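What you are looking at is a predicted structure, and each value in this text was computed from that prediction instead of being measured. Just the heavy atoms: all of them, side chains too, but no hydrogens, waters or symmetry mates, feed the values below. So that the names make sense, note that chain A is the first sequence line, chain B the second, and so on, each numbered from 1.
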Amino acid sequence: MICPRNAGGWPALRLNQLSYQFTEYPLMSSGTGNYDFLTFEAKWQKYWLEHKTFRTPQPGKPDFDAAKPKLYVLDMFPYPSGVGLHVGHPLGYIATDIYTRYMRMRGFNVLHPMGYDAFGLPAEQYAVEHGVPPRETTEKNIANMRDQLRRLGMGYDWDREIATTEVSYYRWTQWIFLQLYNSWYDPAVDAARPIAELIHKLEQEHLVVNFDGRVVPAQGQGLQEWYGLPPGTQRWAELSPEQRRTVLDQHRLAYLDEVPVNWCPALGTVLANEEVTNEGRSDRGNHPVYRRPLRQWMLRITKYADRLERDLGRVNWPEAIKLMQRNWIGRSEGAEVDFALADDEEETIRVYTTRPDTLFGATYMVLAPEHPLVAKITTEENRRAVEDYVAVARNKTELDRTAETKEKTGVFTGAHAINPVNSERIPIWVADYVLMGYGTGAIMAVPAHDTRDFEFAQKFNLPIIQVVKPLGDEDWQGYVGEGTAVNSGAFDGLPTAEFKKKITEWLEENELGKGTVNYKLRDWLFSRQRYWGEPFPIVHDAETDEIFALDESELPVELPAIDDYRPQASEDPNAPPAPPLGRATEWVKVRGYVTDTGSVKLLRSGQSPPDGVQVRAFRRELNTMPQWAGSCWYYLRYLDNRNEQRFAAREVERYWMAPKQDNESGGVDLYVGGAEHAVLHLLYSRFWHKVLYDLGHVSSPEPFGRLFNQGYIQAYAYQDARGMYVDIRDVEEQGEGKNARYVRKSNGEALTRSLGKMGKSLKNAVAPDDICHEFGTDTLRVYEMYMGPLEASKPWSTRDIVGMSRFLHNVWRRFVTEDGALRIDDAPADEAMHRLQHKTVKRVTLDLKDLRFNTAIAALIEMLNALKVERVPRAVAETFVQLLSPIAPHLSEELWQRMCGPKWKDSIAAESWPDYEEAMCIDAEIEIPVQINGKVRSRITLPAAVAGDVKQMEQVALADERITRELSGKTVRKVVCIPQRMVNIVAG
RNA sequence: GCCGAAGUGGCGGAAUUGGCAGACGCGCGGGAUUCAAAAUCCCGUCCUGGCAACAGGGUGUGGGUUCGAUUCCCACCUUCGGCACCA
């Protein structure tokens, strides 16, 4: 999910150079007196790998300790791009690595895995450009990335590594798709249930089918449908096989439908709403996107809109992200209201409004251009204009629609409707500012109190009637806030909220409308016309086109090898999509039979079906799944990645994911990643997880209990006079501070500097391998954490790294002489040093707990600066190295091994985290500022005990020589004493 | 337009519940070491005035609450992020 667009390049040679260094060094401490980070870092990375230092014991296994509390820490799934990582990418990984090393030392059973989200368009495009199969390039990229992560010193459990492109992984992605296909959302229990249950209920006639194919309870039918048309619901037994199939398909959580989709001809594929920018272009590649109706796989995420919104209340996520999800789901409460047509007895127009209290102000109506009633109600004299308008609207691209947001357009149909509250005759218009996909595709327009209606009414000279009196003295025209009702008959004087309630009741009593909840969220478009994705476990009957899911026993459906991976792209937006899998002609054609459960089992050549079963010919589904599919559930596969019977064993899943209490969300204990996945990945994942939860496959209602958004690492970018970006390696800074100038080294040209996201496009990427090679991995880790708070975006500055490099060199030199001897003393620490030790343990412990790495490092620097003695007491030295070890693990391991000497047994990661005593964290004497009227006038030094006593503080402060001098001639009105902090004397 | 986050020295940032603003690091100035330089070490470094002690000002701007405000409240400005005809 890390976007490869922003990945920077570095010389490929260096990778190889480092790779062989990696295995060259002996494990035993070399005894050298220099901080030889290249040697130490390679040595310890090799040690961790060979000894599986960070392997996580599995519940039920002999080495598993049930007494330890569990902690599941997850990094967002990276996409292994061809150009590798830049220093911005590992920010979150370093943070979680430090956190998990720390929590492991504190006695937690920590799970911290890593893997690769390796399907998707970039791999496919790369493969197309370089003429090699996507699998080959993907595997090479994964190998590169794995090496890079190891060189960053990451303590992952490498035995749990996964890639979405492995058959052993994507068979379970396909399995989850089958769960979706074979389930429906049962409103009676507000959860997904197997489709077999729906069939059973229909057979038992607890449910019947109404006129539009929806199932309704058999009892109370007609009452459920308030508008009271008794269209003759049907029993299951009365339906034809074809009708039954249609009914089931209308309820499956995965279904094929002809819908207006985002078709991107340049990419040769359709895109989800979430993948289209608000300029109407593709999120990837910035190509134009067109609306067109296509038959595509959809996932019924809208059934979960309510729960996805509601359960945000139980997760520990940043409020900003929760808000973005709430906005995307877009829940609104309002009412549906029926307007009768003035000249047509049969039809009514149903509208959705969130402001039923403004019904008396409705002066016209608007239908979306795609609304089915448009053709029917339009009068002859207006027909020509309406048809033209509808045709133009239909052919507009997303780009055109958004480009014209300023100016309202529309045409009058010639028809009129009757406002149900006051029987006014109001005109019906068609306009593209009303969308078919939201609400009912029709609105009542209240120009006085809706901005869009107001603009439209002004342009077309439609009447504007005030029905809300603003609370303040604002102008009522275009006032959209709450207020008091006017011009609303018997409802005059009611406040907005109360009016809404009253009018909704009134509408329901008179069978004119009902209270309704609406969502902006649409169903998820789930198919892509690409090669490099998971094939659907779906076949189509070669003759009838009937759709069948494959039987679970047919999984995995392996992606076939083909010669030409290119999507069949076209400049022509009307060209039909042609998925590359169509080229695998042999793979596409299969034979099989339908089982009792309705799934299809395939027959290999020579195989025969069971007796009496008809053999049928099928075509395989040619679409593949979007990249989000694999990343929707990867956190579950880490739990038990080698399991061949299930995506994860039940008891293993329960151990890591189950909530400890009923009201908790359970799931991953800490999920760290960028905010760019606020809607897409995090919403899709939650949806899949809830389906699996409903079906009893997982034990937590939410996948990610706690989410933390890291900030971006920004970097300066330089542009020449034409605005072209200049590679940062070709830039020189001249002068200081405000007089600084930036010039191009190659030709001396003056450049302008700006701050942006690090990446290829701004030519400002810095490769971690370069930094590791020059300064060391530990220095890179410490620097990235020291730059500022994890959640903040901050600019990279290669110049500043020397500070942290100096710090680590100083650490080394404080404990090791130039001859390699240890500067450790077995004598106990003195009072001051003892207190410093406890104080630092406390600061680092609390800071790491809250992911405040920058201040934890500052505390360590301060402690080191205070250790300026010839020989450091052993207890102090050992504690310091333990505190440093999660942050700079290689250096700490090396020091630890040397400090332990012959007694050394294992990695410092196996040690426990040092404790502190609260009493030892306070200095023996405290300096207290004494203020007069809020200004510091003197300082007094008090023993800790005295500084905790308000009376004594006041006494000493008032007796202070400087204070008495300042107070002469003034009266003391009040003395404020804050124990151990300060004294403020109010005098005048 | 709507929603959200953030504005602190030359720079990155610190100040956990309202209690010494600027911890820590970079950079810069001075000194030591060196034939010299790099590296290293020591001292200084918010601004203004003063040789100094010290005085005054200071956390985007303007107001407010408080003995006391970077922190809380109101209004505004700027930057970044999200959404954008969702009735």
Requested in this report: List in chain and number order the residues that pass salt bridge (charged side-chain N to carboxylate O under 4.0 Å, His left out) with Glu927(A), two or more places apart in sequence or in another chain; answer none if no residue qualifies.
Outcome: Arg939(A)
Pull out every protein N or O sitting under 3.5 Å from an N or O of nucleotides 11-15 of chain B, one pair per line with the distance.
unit_1, atom_1, unit_2, atom_2, d
G12(B), O2', Met787(A), O, 2.6
A14(B), OP1, Asn854(A), ND2, 3.1

Requested in this report: Not counting sequence neighbours, list each pair that qualifies as a salt bridge (charged side-chain N to carboxylate O under 4.0 Å, His left out) and has a residue in residues 781-793 of chain A.
Outcome: Asp97(A)-Arg781(A)
Report task. Map every base of RNA chain B to its dot-bracket character, where paired means a Watson-Crick or G-U wobble contact with both distances under 3.5 Å and | marks a partner outside the strand. Result -> (((((((..(((......[....)))((((((.......))))))((((....))))..(((((..]....))))))))))))....
Report summary line: Residue pairs meeting side chain to side chain donor-acceptor pair (under 3.5 Å), one or both in residues 354-363 of chain A, sequence neighbours left out, come to Arg355(A)-Asp357(A)
Query - Residue pairs passing the side chain to side chain donor-acceptor pair (under 3.5 Å) test where at least one lies in residues 854-869 of chain A, sequence neighbours excluded - result: Arg843(A)-Glu862(A), Asp847(A)-Thr855(A)
**Report entry** Length of the CE-C1' vector between Met953(A) and C20(B), whole Å
**Finding:** 12 Å
By side chain to side chain contact (heavy atoms under 4.5 Å, CB included), which residues pair with [X], not counting sequence neighbours?
X	answer
Glu925(A)	Thr941(A)
Asp523(A)	Tyr255(A), Met298(A), Arg300(A), Ile301(A), Thr302(A)
Asp800(A)	Tyr783(A), Ser797(A)
Ala717(A)	Tyr725(A), Ser754(A), Leu762(A), Asn764(A)

Query raised in the report: If you measure from the P atom in C11(B) to the same atom in G27(B), how many Å do you get, rounded?
Result: 15 Å
Dump the pairs, protein N or O against N or O of nucleotides 38-42 of chain B, anything under 3.5 Å, distances to one decimal.
unit_1, atom_1, unit_2, atom_2, d
U40(B), OP1, Arg806(A), NE, 3.4
C41(B), OP1, Asn810(A), OD1, 3.3
C42(B), OP1, Lys868(A), NZ, 3.1

Query raised in the report: Heavy-atom distance under 4.5 Å between the side chains of Ile728(A) and Tyr718(A), does that happen here?
Result: yes
Requested in this report: Could you list the residues that satisfy ring-ring contact (aromatic ring centres under 6.0 Å, His included) with His838(A), not counting sequence neighbours?
Outcome: His834(A)
